[in-house]
Amino acid sequence: MKELEKAYEPKEYEGNIYKKWEDSGLFNPDVCIEKGITKSDADPFCIILPPPNVTGTLHIGHAVMLAIEDVMVRYHRMKGDRTLWVPGTDHAAIATQEKVERILWNEEKKTRHDLGRDVFLKKVEQFAQDSHDRIINQAKRMGTSLDWSREYYSLDDTRNLAVKTAFKKMYDEGLIYRGDRIVNWDPKMQSNVSDIEVVRKEEKAPFYYFQYGPFTIGTSRPETKFGDKYVVMHPEDARYAQYKHGDTFECEWINGKIKATIIKDDAVDPEFGSGVMTITPWHDATDFFIAERHGLEKKQVIDFQGNLLPIAEEFAGMNILDARPKIVEKLKAKGLLVRVDEEYVHSTATNSRGGGLIEPQIMKQWWVDVKKEFVMEHSEIEGIKKGETMTLQKILQHVVRAKQIEILPERFEKNYFNWVDNLLDWCLSRQLWYGHRVPAWYRGEELYVGIEAPEGEGWEQDPDTLDTWFSAGMFSFSPLGWPDENATDLQTYHPTNVLETGYDILTFWVVRMILMTTFLRGQVPFKTVYLHGLVRDEQGRKMSKSLDNIIDPLEVSDKFGTDAVRLSLMVGSTPGNDTKLSEEKIGSFRNFANKLWNISRFTLLNIEDPQKDREYPSAKTLADQWILARLSQVVKSVTEDIESYKFSPAAETLRDFTWNELADWYLEIAKIEGNKSHILNFILNTILKLWHPYMPFVTETIWQKVYGEEEILMGEKWPVMQETNTAMDTMVIMDFMLLQNLVTAVRSVRSEYGVEPGKFVSVYVSAAEKKAFLEKNSETIQKLARIEDLVIEEQLNKPENAVSCVESGLEIFVDVSGALDVEKEKERIHKEIAQVEPYITGLQKKLENQDFVSNAPEAVVTQEKEKLAVAQDKLQKLHEQLAKL
RNA sequence: GGGUUUAUAGCUCAGUUGGUUAGAGCGCUACAUUGACAUUGUAGAGGUCAGAGGUUCGAAUCCUCUUAAACCCACCA
């Protein structure tokens, strides 16, 4: 006979199990088809793993993503779908380059410019490779059933071809243009960054009011004011009605007299400050757009290092932060400083990577025009026809509004539309070195955009690289073989089924994926977006190095087992909401994994000849009928929950069934009734399959111990839902509940009277019409409740020295042999009466209410009547018992 | 300034379209333990569902307002 060790030790098995999965080839759907596990014409199910950045290691957030996706993938594979989960990593241009630059500075006090582009890139590549290897190992440790044969890197040759092809196609269509626009320049990083990469931080800074001709203007940035020669106010502002748009005046300013022009524009908030401002179009986005609207001159004041240009005269060459107080000093000396608000709070823009202070600059950059019209060349999108005129923005709005893409939870659609409805052109180019080069070449005034360098001498490639999200925008199809439109994977698996990712990158990534995919392929990238929440520490704080509250997924996997970690990340969390994680929580799932192990251990000791494919077992006893009825309900409910992305409820249903019903009741009864080999085999077989997506290691380990090492659970078929007689099941479940209630009632009395757990008692039951039923199950009841003599009659009198109670319509008398305490009993019965009486009164009132009786559905009224009858019966019996004391 | 979310037992959370005497896990209390499992079992205590109104025969659930916390967006000169 096979036997399991006493406790489940994850460390002993996890490594081998993963290797066995890998060796089996079953992560690859083609192998599943070859081996006959999946039918070649089965429905495809595909998820592209959101590729982790090669900036370091996987954190707990990655673990959530891996766990949820692995549940879906393992479920669909077992269900028989042609299931593909594609792994990859992302070069994360700015994040990776910043990290390597920081290391370079800390270790060698060198900048990237000291090394030069080629040498620096070699260093980044090495760093990326190391990170990649670490990440892959970590992902494997989490038990992920990713098809490693299809792994991609966002910067590899195939993806580079995809990027160049996409860029050219969008350029040829006029959707990509090169132009001078204001960008977020990071002088520290020496690159522009996109709006979403900028974080704003609140800061208290002096706010200065200066006299500017007849006006008072306010600013927290005096150093930008050298070139200011336009003064802007709201056209409706009555205070300044006397000034006309285009009027000019002379006034004294920082470095002498200037000529200023009056501009009326409704971008000015009359409530703010004096309602008048001067503008610096080169270094402020709002000002830039005002200048654009009125065709005003723009002048650069600050250079790309963050120092003042010659326009600042005596301040030229100074860093802006050093110059600021000196400029204020000078204006004060000239009598132009009106007042200073020292309590002013505003927010400053910094680069989310590296923390550099953003200085807006006007620069020539590459952009995606989201509002330009173009003709759809190809469309499989419902509601958009081939040949129809669209804009990128309109497509983005359409596909979600028309439910071509479902966002879960639904409320994030609001975020999506908030973003998409206010969409601005997308700045593609970065002055970074690590990334896809812009596929553009220049020769004098000539510009060429293409896949390869143009023919002829003297062409120079654009030194800039592309925003990481440009390549990431193609991740639903570039990992499947695009631009080869005939690639089998692309044909089979696109559009993919689910994009599962954190809600924090909805706008970063999801929007860009939809944009790129709909334009380039005329398809949506995925049908469903499932957004998980962030994992926080037990106090709800973000995990960070400085708080030292980081839970490392591998560390806790070592300690508690990977299955426990996976479960703890899924149970108790709902899509779009953050979850709190603690080691205690993980520990409780470690306990559960061990429980499942011991359930299996017990089962194994009680079955002869374990076989995995047996016909549906027949039930011999009530308990058998009950557990099978419950099992099929559980199969149904778990299947439906997983299908509808309710991963936590599915696991909770399973856990409650496994622990509270199977282990606590059925296995105990199996010990009494005996001879349950076939049915135990069937139940074990089914729950191992049901648990497999959540806890792949422990279930696979048990499976191989039970059925042999050549067997692989991950390739098994998902349990089928049995055709059941619902009415019968309900009756069986009700009957079993009566048995449970009786047993629990007796145990409760025993506990209350301090009857020693080992001691047997006598119990008398007035069972009315349930007499025959209870007699049939008397042995089970006796053993479960430690009853020596169990007397069951339709109606019997309370024996001497017995404690009585009423449960499910039964009157139960427990002989506590002399320990009966009449006062205590009176008190107990009074307490119960006090509980039932208001309940009855409530129900009576409800049923006397004509509005209720006429308005409520009949079923509800009937139900309430039944409740009342049961409660009244109970009350009556309680009174009788009281009288007999 | 606009928007979103959260508020249910000491803690972490369930509670599907309004109809349960409001549930689970952890923790807590008492008792038990060499027979699958102390990573356990049995029994139990613990909640005016943030507050105030309203709709309804009926509200934890729908509406309005208030309070508290978290987050996102915005052209805070």
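Letters A, B, ... mirror the listed sequences (proteins, then strands); counts begin at 1. Only this structure's heavy atoms are used, side chains among them; waters, hydrogens and symmetry mates stay out.
- Not one N or O on the side chain of A:Arg339 forms a donor-acceptor pair closer than 3.5 Å with the backbone of A:Tyr209.
- Both A:Tyr503 and A:Thr278 lie near RNA chain B, and the one whose nearest nucleotide falls closer to the 5' end is A:Tyr503.
- The shortest heavy-atom contact between A:Asp265 and A:Val232 is CB-CG1, 3.8 Å.
- At B:rU12, one or more side-chain N or O atoms of A:Lys580 fall inside 4.0 Å of OP1 or OP2 (strictly under the cut-off).
- The side-chain tip of A:Arg630 does not point at the ring of A:Trp659 from less than 6.0 angstrom away and within 45° of straight on.
- Close to B:rU12, at under 4.0 Å from its OP1 or OP2, lies no side-chain N or O of A:Lys585.
- Nucleic acid contact class of A:Val345 (heavy atoms, under 4.0 Å, all strands): base.
- The phosphate of B:rA43 has OP1 or OP2 within less than 4.0 Å of a side-chain N or O from A:Arg747.
- Phosphate contact (OP1/OP2 of B:rA24, side-chain N/O of A:Asn660, threshold under 4.0 Å): absent.
- Base-pair partner of B:rU16: not found among the strands shown (Watson-Crick or G-U wobble, both distances under 3.5 Å).
- Counting atom types as modelled, A:Ser751 pairs no side-chain N or O with a base atom of B:rC31 as donor and acceptor under 3.5 Å.
- Across all strands shown, B:rC49 forms no Watson-Crick or G-U wobble pair with both key distances under 3.5 Å.
- Applying ring pair (Phe, Tyr, Trp, His ring centres under 6.0 Å) to A:Phe215 and the options A:Tyr230, A:Trp253, A:Tyr240 leaves one that passes, A:Tyr240.
- A close approach under 4.0 Å does not occur between any side-chain nitrogen or oxygen of A:Thr507 and OP1 or OP2 of B:rC72.
- Going from atom CG of A:Asn598 over to atom P of B:rG35 covers 12 Å, rounded to whole Å.
- With A:Ser644 contributing its side chain and A:Lys646 its backbone, the two residues share no donor-acceptor pair below 3.5 Å.
- Mapping A:Asp664 and A:Leu843 onto RNA chain B by nearest heavy atom places A:Leu843 closer to the 5' end of the strand.
- B:rU40 is paired with B:rA32 under the criterion used here, namely a Watson-Crick or G-U wobble arrangement in which both key atom distances are under 3.5 Å.
- Not one side-chain nitrogen or oxygen of A:Ser573 sits closer than 4.0 Å to the OP1 or OP2 atom of B:rC13.
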